[in-house]
Structures are given as structure tokens and as C-alpha cells.
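Since this is a predicted model, take the numbers as computed values, not measurements.
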Amino acid sequence: MALKWLRDNLRHLKFVLWGVVIVFVLLVFVDWGSGRPGGGRSEAAVKIGNREIGEQEFIEQVRRLQELYERQLGDNWDQFKNQVNLGEQAVQQLVERQLMLDEAKEAGLVASEAEVRERILSMAAFTDSSGQFVGQESYKRVLRANRTSPREFEAQLHEEFLLEKLRTMMVEGIWVSDTEVDDSIRQEREQASVKAVQLRYERYLSEISVSEASAREYFDKHQEDFHRDEERVIRYLVIETNKLRHLLEVDQADLEAYYEEHKGEFREEEQVQASHVLIRLSPGASSEEAATAKFKADQVAKLAQGGADFGELARVHSDDPGSKDNGGDLGWFGRGQMVKEFAEAVFGAKPGDLVGPVKSQFGYHIIKVVGYRPDRVRPLDEVIEDVRFQYLESHAASEAEVRAGVLAKRVTNEGPDSDEAWQLIADEDEAVVLNESPPFGAGETIPGTGSDPAFTQRIFEADEGAVGGPRLIPRGWIVWQLKEIRPEGLPDFESAKAEVEQNLRRDRAMTLAHERGMVLAEAWRGGSDIAVLAQENNTSVVDVQAHRRGAAFGALGVMPALDTAVFDAEVGDVVGPVTLTERGVVLAGIEQLTLVNASEIEGDRGAKRRQLMGEKADQLMSAIINERRRETSVTVNTQLVAQFAPKG
């Protein structure tokens, strides 16, 4: 759970070094004289081509990383610090930085002394209260306190200019079409809520019969579909963890014991409910833009303090598209879910308070604190279903492994060699299902078993009839047998007959699914209860809320064709049946649509284009770095780096 939280909440910590300016002033000079005291030897921590990174530079990079995590995570850092390898991350960043500098120099980019001087004069650490340079002696004294010299510091600034210019050059060389921009805006801002029903073709296979004549005709018309490299087919028994979880029994005492043992997992940190109005200010805004944003934020704050409807203020003035339509409501959240400035402001206030403007990396926030919930451990009766799920999940996994071991011994001893014999074994346990893979080639993923190249390799090393397992797959544990080896080439009809019949039955079942879908759609449009219709068709209704283009339709998965149909429809429409290749058909009733109009898209195009250009530049730079890494020798002092690995 902790690692998942870390992944979810650190997605904005994108350590592409041109976006994180690694300058001593930004991360060191905020605390005068914070450099490490004492001397000591400095051996190479990393060697990148002919460039050596010393121990001290490596340690400083580790420290900057740690400070960045601490600022972003606040109190949560203590929870995650033993899961983050600062040493390896520091090495990766130092290598990437040097490779980017090499790219900048090869591109002919230069930074002038005048640019370096101007940057120094813009830093608060080197200017007095009147904005004038503090003088050479004070300048040198600050640098000495931070274990560097004017020469080293200015060389660092020089490199930063090169990285910034490389970034600018990359972005300016990117082309993003209007179609890409518009599609991205729609994907980000449009939403649909639907009820969806899928009719999988498999449920109609039992209604399909295939004659030999029709199979031969199908084979003659589709011979190119049956030309193959060497392929293999396995049949396998799956002890499905999900199914087993529903079969296992659990009593109240077990749940209570599990809850007591895992009580910490049900702790809920203090939370605040708040609404806000965001006056956005981009990081690179000019002083004039900053003053304008601050003035607007002050005016909105005055209106709020004067009793104006806060929700209406958010709807009219807020630049946060995720909350403005809801009156600025952010819901309930903990300290670690918001940026530090915002969190400190709201957690330092009480319900009913108006706070701000508060400045953060996003701009100015005017905040209304709505509610507060203290830190607590949620009681058992409140989390009983979560406890039940977690208890059964853990016990089902171990029970599945045990049952798989028993099955493996049995099939090894009994040697079942037919589908019927394997099916009889499966029928003895409700949690066991017999599957047969479609033909697969060397290096391919075996459908239904997850991505596991080593498993495929094991199958291609086995002889026909070989038995293996137990083996863990995403669905549970399996015991398998290599049922068939199919040689390369175009098989004759008799050799391909089973596959031909399977394909023909699938195609006919797809057609039948579409026909049934047409009937269902007509009844749904006529006012029939979709829940009843779904039950009559042996399927279920999937309720999908706040769906965005390109996202999964709940348990049904990603369906681009359905996306197109849904967002081209109107509220109240029933779309479909939409054909899903080799899956069946799906229908959807549109309950809610949030669409952007042409004027909104036009207004957002500039910012979105710049964002996409930046993202494409990042992708291009990543590709260049990867190519340079393949061509550049990198040697790491693993003994030194290991000192900064997670403990425990």
C-alpha cells in the first residue's frame, strides 16, 4: 500500500534534470552556512566517458534529492525514506545531466559570461536590501560557507545555461498539430457517465454448429490466416485466486484478529475539507504578470471576506478546471496530498475560516475551510468489508498455491492425456478452471497467463505431452501440459481443422452477438429496464462514472471504438452495438456528458500546445540520452553508492 501511494503521489517528481535546476543557490543558499564542515578525500563516484564525478559532488546530489523529497512529501518522507534508493537516483541524474551537457555542446550551444553575471545578480543571496550586488568579499564568503568557490559555482551556472538552452532548442523544434492539441484538450476535460453492457461472443459458441463443408470453404478463403511459424498450444488448470476468495469461509473471530494485527493499515490521517479559487501563475511569469495575478487574488479574497457566495466566486474566477465547476470544492484530503504552502494554510485554520491569498507553485489560492476530521484508526465496523477482502485475499493466495501443488503431483502421477481427463480433474474443485491457450510462437506472451518470457521459453524447451507447474500467473496458480507442437508452414486442412472450426465458430458467434445486441439496443431505446435486459442476456450492467477518452470503461477495459461512439452521442442516447474485435459487442446508455465547445478549445490551445511540445521534447531528449548512454562508458563506484541504499 505504501509503495502504491508513493508511485501515485510522486508522479510529479519528474527528475528530468533540465526541469530541476541543480544550482547550489536554490537548494543550499536558502540556509546560509549549511555546507558540510571538514575536509576529506574525494575519489570518483561515477565516471562518464572521460568525465569524473567526485565523491563530494555525488554526496551533494544525494542531499539535494533528499531535500526535494522532504519538501514534496513533508511528514510522509519518514514513512517512505527506506523505500527510496537515493544513491542510485543520484547516479542516474548525474549521468543524465552529463549526457545532456554533451548533447548541448555538440549542438554548438554556448553560455556567455554576461549571462552568468546577470544570473548571479538576480539571486537574493548575492544582493542587498536595495537590490545591489553585495560585493566580491560577501560573494566569496557565501560560497566558502557552502564548500565551493567562485570558479566552481560559475561553472555550474554556465552548465545550467547550456541545459536551459538545450531545452529551449528542443521545444522550439517540436511540431504539434491542431488535431493533437484538440484531442488532448478533449481527453483532459471531457467526461461521460454511461451504463454499459457487453455481449461476449463466447457465450454464443454453444449455439453454433459447423459442418466440414463450411469449414473447408472457410479454410480455402482464409488460407493466409493459417500460415504459421512454429507454434505451441498448452492446456492448463487454473486455481483462480478470485474465485477461491469467494469460496473460502471466514468467521468474525478471524476478522477481528486480522484487524488487530493490521490496525495500522486502517489509520486515517487528519483531514480537511476545503474549497478554493485558484488564480494561476506560471513558473516563468513576468513581474507584470505576477502583479496582475496577485491583484486579482486580493480582489477575490476581499469579495469572499465580504460575504460573497464562495462557490460562485470559484465558478467565475478560478483557473482550476478540476474544481471550479463544483464551486471550488476539493473534497476531503490529508496533509500529504497538497503542496506544502496550501496544506500549512488549511491545517492551520478551522472550519469556516477564509484563508489567503496563499501562493504556491500553481499560483494564488483563496481558500474556504469547510470541515476537519482528526487523525484516527477507523473502527472495525466501519472497515469490516475491507478487512474481509484483505483477509480472504491473503488466505486465498496461499490456499491456491497449496491446491496447485496437489494438482501438479496428481497430473504427474496419473498422466491425463485428453481434454476429457483434464476436465474431470477440474470439475472436482469449484476454484479450478481448465483452459486451452490459442497457438503462440516463441517469444510471444501466452494469452491468459500474463507476460512471462521465461514461461514461454520453458514451453519451447519442452517435449509434446510434458507437464509443468505449479506456476504463478496473475489469475492464480496453474498446472500445464504441452498439448501440441505445430510446425512452421501452411498446414493441410486436416492439420488446421480444429483451428479453422474454432475461427469459423468465433466469426459466427460474433455475428450472433451483434444480432442479439441489435435486439437489446432496440428494447433499451424503447424504454425497457437495462438491468432486466442484461439479466435475460446472461450479462451485467457496468456503471461507468466520469469516464475520460482513452481510459478504461471500468472492468470492460479500454475500448476506443466505444469512446468514439459515446462522445459523438447525446445524453439519453443508446449507442451500439459496437463491435470489439475478437471480444463481442458492447452497448452504452449515455447518462451524462461534459463536452468542451469550440471557443473553449480555442482559448486553451496555446497553453496545451506548449505543454505537448514540452512533453514531446522530454520524450525526444530521453531517446537521445538512451542513445548516448549506449555509446558512453559509465563506471560507478558501487561501494560508495551502496552506502545510500535503503536500510532494512
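Proximity of a side-chain donor or acceptor of Gln93 to a complementary backbone N or O of Ala90 within less than 3.5 Å is not detected. In this structure, Ser184 contributes its side chain and Glu180 its backbone to no donor-acceptor pair below 3.5 Å. Side-chain atoms of Asp573 never come within 3.5 Å of backbone atoms of Ile590 as a donor-acceptor pair (strictly under, hydrogens ignored).
Partner Arg609 forms a salt bridge (charged side-chain N to carboxylate O under 4.0 Å, His left out) with one of Asp178, Asp604, Asp182 and no other, that one being Asp178.
For the 3.5 Å distance criterion, the side chains of Lys608 and Gln611 qualify, holding a donor opposite an acceptor.
Salt bridge Asp320/Arg280: absent, no basic N to carboxylate O contact under 4.0 Å. For the pair Glu57 and Arg51, the salt-bridge criterion is met [side-chain N within less than 4.0 Å of a carboxylate O]. Looking at Arg119 and Glu160, no side-chain N of the basic residue comes within less than 4.0 Å of a carboxylate O on the acidic one, giving no salt bridge. Taking a cutoff of 4.0 Å between a charged side-chain nitrogen and a carboxylate oxygen, Arg63 and Glu67 qualify as a salt bridge. A salt bridge between Lys368 and Asp329 is absent, with no side-chain N of the basic residue lying under 4.0 Å from a carboxylate O of the acidic one.
With sequence neighbours excluded, the residues satisfying side-chain contact (heavy atoms from CB on, under 4.5 Å) with Val370 are Gln273, Ser275.
Counting heavy-atom neighbours within 6.0 Å of Asn50 CG, excluding the residue itself, gives a total of 12 or less.
Cation-pi geometry between Arg549 and Phe567 is met: under 6.0 angstrom from the ring centre, within 45 degrees of the axis.
In summary, the aromatic rings of Phe362 and Phe342 are positioned with their centroids too far apart to meet the 6.0 Å limit.
Expressed to the nearest 0.5 Å, how far CG of Leu101 lies from CZ of Arg97 amounts to 5.5 Å.
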